[in-house]
Amino acid sequence: MQLLLLHLDDALELQPDFVRSCMMAGAHEVSDKDSGSAIRLWGRRQALDAVWRNLAKAAPLAREGSRLCFMGSGDFHHVTALLLSLALERCRQPVTVIHIDNHPDWVHFANGMHCGSWVNKALEQPLVKKVITLGVCSHDLKSPERKGANLVPLSDGRLELYPYMHPPSKVKSSYGSGPSFSQIDGALHWQSISELGEANFVDKLLGRIQTEAVYITIDKDVLSDADAVTNWDQGCMQLPYVLWLLREIGEHHRVIGADVTGDYSTPQYGGDFYTRTMKKAEVLIDQPFRRRDMMATRNINSAANHALLEVLSELMP
């Protein structure tokens, strides 16, 4: 396994103990903060292509290798689509993407990619059989069509979504029913983890993964405040349960790659005045404002990263 620290912001640098542990484990580091400020929240194709080329050149993988990448704030979750494409170049077999997140990341976004749109790009990859999103608690599931959600993959079975807990989602169109939802009286009724029971859901999830190979992406905003401090609103899952899910997945499937986002960092935006203004306005609307104790933030996030590193390292060849 290749361990990669991708510095698009200062989130990982604020955790020196974690970085030191990674370097002792032979980690590669790629620093690209100029690109980071350009693509934070969302980026246009030219800037994203630059990040892709930098990743491919600076940290090439062996033909049979897998990569575990830690990459700072969840504002960069769209980089997952780039890391996935690199992993698929070496895998060359059908893959299921396991997406653990407090947000579904399924919105339409033209002329680039948003941290809330990357699932659509992942599903464009011919080798991606399915994306399974789990853990969502956010308001993104409240009237999702009005918030730009692309629900077609949910309808055709290429996307399954299992919230941790969430009431039915009102919709205007017909989407039928699927393994993770039923449509009743104009609303999508979800099969949530809390209703199924955490232990029962493990069996449910394993039964829904129909490929040998999986790619895992984790946004730590899926975790409660006790286990992570992020730039976004946070969910209800507990870290020990996420670690249990990962071990069960790794015991039954081959993990071809993984990435972790969701560390807090102070936003820095590049681009012209209009772009910076638009991104700042989006943050004011979508991201909660709360004062953070930076020492506690560092300790909480570092502890979660150490635990995720330990478990994922055991699962990946």
Side-chain angles (χ1 to χ4, degrees), residues 74 77 96-106 116 119 130-145 147 149 151 153-155 157 159-171 175-210 214 216-230 232-253 260-262 286-288 290 300-301 303-304 307-308 311-312:
H77 206 166
T96 300
V97 177
I98 306 298
H99 170 213
I100 305 175
D101 200 329
N102 193 41
H103 305 88
D105 293 353
W106 57 8
V119 166
K130 185 191 303 181
V131 174
I132 301 178
T133 298
L134 55 102
V136 178
C137 290
S138 68
H139 293 307
D140 292 335
L141 296 187
K142 183 179 180 181
S143 301
E145 290 167 318
K147 299 175 182 177
L151 300 183
L154 190 72
S155 180
L159 172 64
E160 296 180 19
L161 187 145
Y162 299 92
Y164 189 80
M165 60 174 65
H166 205 280
S169 302
K170 293 182 180 180
V171 292
Y175 296 100
S177 297
S180 61
F181 72 99
S182 299
Q183 185 166 355
I184 304 170
D185 297 330
L188 304 183
H189 293 251
W190 305 100
Q191 292 192 30
S192 69
I193 296 171
S194 60
E195 290 180 352
L196 290 169
E198 290 186 346
N200 291 335
F201 179 72
V202 172
D203 294 332
K204 171 83 172 178
L205 175 63
L206 294 176
R208 298 306 306 161
I209 303 173
Q210 298 164 349
V214 298
I216 298 171
T217 178
I218 302 164
D219 189 331
K220 293 195 295 182
D221 67 19
V222 77
L223 299 171
S224 69
D225 291 342
D227 289 322
V229 182
T230 79
W232 291 86
D233 53 309
Q234 291 180 224
C236 301
M237 292 181 74
Q238 303 295 315
L239 181 60
Y241 182 59
V242 172
L243 299 177
W244 181 26
L245 282 172
L246 295 176
R247 289 190 178 99
E248 290 293 328
I249 293 167
E251 184 175 334
H252 294 87
H253 299 274
V260 178
T261 70
D286 288 343
Q287 293 185 359
R290 55 180 180 265
I300 291 170
N301 285 338
L308 289 165
V311 170
L312 290 168

Any chance you could measure [X], atom [atom1], to [Y], atom [atom2], to the nearest 0.5 Å?
X: Asp286; Y: Lys147; atom1: CG; atom2: NZ; value: 9.0 Å
X: Asp101; Y: Met237; atom1: CG; atom2: CE; value: 10.5 Å
X: Ser143; Y: Lys170; atom1: OG; atom2: NZ; value: 6.5 Å
X: Leu188; Y: His166; atom1: CG; atom2: NE2; value: 11.0 Å
X: Ile193; Y: Leu205; atom1: CD1; atom2: CG; value: 8.0 Å
X: Glu195; Y: Met165; atom1: CD; atom2: CE; value: 9.0 Å

Minimum heavy-atom distance [X]-[Y], with the two atoms named:
X: Asn200; Y: Leu196; value: ND2-O, 2.9 Å
X: Thr133; Y: His103; value: CG2-O, 4.4 Å
X: Leu239; Y: Ala307; value: CD2-CB, 4.1 Å
X: Leu151; Y: Pro144; value: CD1-CG, 4.2 Å
X: Pro163; Y: Leu141; value: CG-CD1, 3.8 Å
X: Thr96; Y: Gln210; value: OG1-N, 4.2 Å

Do any N or O atoms from the side chain of [X] and from the backbone of [Y] form a donor-acceptor pair under 3.5 angstrom?
X: Asp227; Y: Leu223; value: no
X: Lys142; Y: Pro167; value: no
X: Gln183; Y: Ser177; value: no
X: Ser180; Y: Leu161; value: yes
X: Asp221; Y: Gln234; value: no

Practice problem: Go through the side-chain N and O atoms of His139 and Asp233 and say whether any donor and acceptor fall under 3.5 Å apart. | Solution: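 Absent: no donor and acceptor within the cut-off.
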Quiz item: Any luck finding a side-chain donor-acceptor pair between Gln191 and Lys204 under 3.5 Å?
Solution: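 Yes, because at least one side-chain N or O of Gln191 sits under 3.5 Å from a partner of the opposite role on Lys204.
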Exercise. Let me see the working for Asn301 and Thr230 under side chain to side chain contact (heavy atoms under 4.5 Å, CB included), right down to the final yes or no.
Key: CA-CA 9 Å; Asn301 285 338; Thr230 79; 5.5 Å; no
Practice problem: Test side chain to side chain contact (heavy atoms under 4.5 Å, CB included) on Asn102 and Asp219 and set out the steps. | Solution: CA-CA 7 Å; Asn102 193 41; Asp219 189 331; over 6 Å; no
Would you say the side chain of [Y] lies within less than 4.5 Å of the side chain of [X], judging by non-hydrogen atoms?
X: Asp203; Y: Glu248; result: no
X: Thr261; Y: Thr217; result: no
X: Tyr175; Y: Leu154; result: no
X: Val136; Y: Tyr162; result: no
X: Phe201; Y: Leu245; result: yes

Quiz item: For Lys130 and Arg208, what are the C-alpha separation, side-chain angles and deciding distance, and is it a side chain to side chain contact (heavy atoms under 4.5 Å, CB included)?
Solution: CA-CA 10 Å; Lys130 185 191 303 181; Arg208 298 306 306 161; 3.6 Å; yes
Practice problem: Tell me, with the steps shown, if Val97 and Ile132 meet side chain to side chain contact (heavy atoms under 4.5 Å, CB included). | Solution: CA-CA 6 Å; Val97 177; Ile132 301 178; over 6 Å; no
Quiz prompt | Parallel, tilted or perpendicular, as decided by the 30° and 60° cut-offs, for the rings of Trp190 and Phe181 | solution = tilted
Quiz item: Only one of Tyr241, Trp244, Tyr164 clears side-chain hydrogen bond (donor to acceptor under 3.5 Å, both in side chains) with Glu198; which?
Solution: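 Single side-chain hydrogen bond (donor to acceptor under 3.5 Å, both in side chains) partner of Glu198 among Tyr241, Trp244, Tyr164: Tyr164.
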Quiz prompt | Centroid separation His99 to His77 less than 6.0 Å | solution =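 Under 6.0 Å, so yes.
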